[in-house]
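Only a predicted model underlies this, so the values are computations on that prediction, with no experimental measurement involved. Below, chains carry the letters A, B, ... as their sequence lines are ordered, and counting in each starts from 1.
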There are 2 protein chains.
Amino acid sequence: MNLKSQVEWALHCCAILAGLPEGRHLAAKDLAELHGLPKEYLSKAMQSLSQAGLVATTLGPQGGYRLAQAAEKITFLDIVEAVEGRRNTFACQEIRKNNPCRPAKQRETKPCAIARVMWEADEAWRDRLRRVSLAELVETVGREVPKAVLERTAEWIAARS
Amino acid sequence: MNLKSQVEWALHCCAILAGLPEGRHLAAKDLAELHGLPKEYLSKAMQSLSQAGLVATTLGPQGGYRLAQAAEKITFLDIVEAVEGRRNTFACQEIRKNNPCRPAKQRETKPCAIARVMWEADEAWRDRLRRVSLAELVETVGREVPKAVLERTAEWIAARS
DNA sequence: CTAATTACGGATAACAAATATCCGTAATAC
DNA sequence: GTATTACGGATATTTGTTATCCGTAATTAG
């Protein structure tokens with residue numbers, strides 16, 4: 001039960017995009033290099049973000065990605081679900097129907113009680129991710145990461161113009 | 001990001017075991033037949049429960065599984081973790097270390113801010129599962145499943161003595 | 001206009017994890 | 001002794017993750 005590593009990549013990339021100067025884009029190639037990731041595969045994750053409307057893209061030289069919404073509007077859940085999908089972690093196979101003691105034809109009135117509990121837990125997980133915005137992440141990072149690193153990263157990005 | 005189907009199986013089996021008459025065991029073979037599951041593979045899940053101390057086993061004829069603790073003491077989380085393991089869904093790869101703008105040698109003072117948020121969500125998920133006991137599940141099932149089905153299942157089990 | 005750069009999508013391959021199946025061993029009830 | 005049971009190791013099958021490659025279309029710089 002692991003999230004795809006693409007989820008981690010997407011979160012880090014969004015954090016970078018949130019810190020980008022106004023009007024600036026960053027190409028998948030640069031995002032990959034900045035994080036030490038395979039460019040082609042990272043692109044797939046970015047495409048998921050694009051399809052979800054979280055990032056906007058521009059083609060051609062000087063093109064690339066930028067946030068499509070304010071960092072305050074984008075939540076961890078938005079990013080996670082864009083990449084990982086919206087399925088529950090618990091996939092109920094309705095094995096209760098295999099019980100030979102059940103009437104074959106009878107319609108189930110409620111979802112399985114086990115599945116309900118598991119789905120509530122999934123919802124609690126999502127709830128928590130919904131409560132943290134990209135803006136809050138950026139703020140935390142700004143507080144915790146040494147200024148020198150932040151500045152050098154900004155320069156590194158500026159040099160890619 | 002799916003839980004193993006063994007998790008579902010284990011939960012259903014525990015529900016059955018919780019309803020077993022005092023001193024009675026149920027063999028993997030019967031649990032498998034009752035749920036329409038592959039016996040050998042279901043056994044692996046039951047072995048995980050056994051190793052976690054949630055169920056007790058007896059060898060030989062009339063042997064099999066029973067709960068090792070009161071149904072009130074066993075939580076959903078106990079069962080889920082016994083089968084699925086205790087790892088977080090988010091496995092931080094520390095890709096921030098790949099950033100060429102970071103000093104190579106410097107020790108990270110804190111876990112990655114992204115990982116912290118993701119792990120909090122995992123903990124919220126676990127919290128929810130910790131709050132529901134096997135006893136509560138049995139009570140819900142007793143309320144929702146038609147009496148006739150419960151009785152026939154009890155008879156089916158009794159016939160396996 | 002041309003050439004370089006970019007995102008995007010489809011096809012495919014490599015690898016890991018989940019889902020089994022098989023069988024030998026030891027313990028236990030009758 | 002014989003049948004039954006859980007257990008653990010070995011192995012196969014299937015599915016999902018992690019890539020890689022390449023052609024297409026859009027865009028910009030010169």
If you count heavy atoms of other groups shown closer than 6.0 angstrom to CZ of Arg86(A), is the number above 12?
no
Separation of Leu42(B) atom CG from dT21(C) atom C1', in whole Å?
14 Å
Please determine whether a side-chain nitrogen of the Lys or Arg among Glu94(A) and Arg96(A) lies less than 4.0 Å from a carboxylate oxygen of the Asp or Glu.
yes
Side-chain N or O of Tyr65(B) versus OP1/OP2 of dC7(D): is the shortest distance under 4.0 Å?
yes
Send over the distance from Lys29(B) NZ to dC7(D) P, rounded to a whole Å.
17 Å
Please state how far atom CH2 in Trp9(B) lies from atom P in dT19(C), giving the value in whole angstrom units.
7 Å
Need one value for Ser5(A): base, sugar-phosphate or nothing, where a base atom within 4.0 Å counts as base even if backbone is also close, heavy atoms only.
sugar-phosphate
Of the nucleotides dA18(C), dC22(C), dT20(D), which one has an atom closest to the side chain of Glu40(A)?
dT20(D)
Rounded to whole Å, the CG-C1' distance (Asp30(A) to dA7(C)) equals 14 Å
Atom-pair distance (CG on Asn2(A); C1' on dA17(C)), nearest Å
10 Å
Under 4.0 Å: is that the gap between some side-chain N or O of Gln6(A) and OP1 or OP2 of dT18(D)?
no
Rounded distance in Å - CD (Gln47(A)) to P (dC22(D)):
17 Å
Leu37(B) CG to dA20(C) C1', in whole Å, measures 12 Å
So which nucleotide from dA26(C), dT21(C), dT20(D) ends up closest to the side chain of Leu59(B)?
dA26(C)
Is Arg102(B) salt-bridged to Glu108(B), cutoff N-O under 4.0 Å?
yes
Comparing nearest nucleotides in DNA chain C, the 5'-proximal residue of the pair Lys39(B), Met46(A) is Met46(A)
For dC8(C) and Gln51(A) - does any side-chain N or O of the residue sit under 4.0 Å from the phosphate oxygens OP1/OP2?
no
For Arg128(B), is there an ion pair with Glu123(B) - N to carboxylate O distance below 4.0 angstrom?
no
From the options dG8(D), dT20(D), dA6(D), select the nucleotide whose nearest atom is closest to the side chain of Tyr41(A).
dT20(D)
State which of dT6(C), dC8(C), dA6(D) makes the closest approach to the side chain of Thr57(B).
dA6(D)
Pick the closest DNA chain D nucleotide for Met1(B) and for Gln62(B) by heavy atoms, then say which residue is nearer the 5' end.
Gln62(B)
From the options dT5(C), dA18(C), dC8(C), select the nucleotide whose nearest atom is closest to the side chain of Pro61(A).
dT5(C)
5' precedence on DNA chain D between Lys44(A) and Thr58(A) (nearest-nucleotide basis)
Lys44(A)
What does Ser43(B) touch in the nucleic acid at a heavy-atom separation under 4.0 angstrom: a base, only the sugar-phosphate, or nothing?
nothing
Please tell me which of Glu84(B) and Gly63(A) maps to the more 5' nucleotide of DNA chain C, matching each residue to the nucleotide holding its nearest heavy atom.
Gly63(A)
Salt bridge present between Asp122(A) and Arg126(A) (N-O < 4.0 angstrom):
no
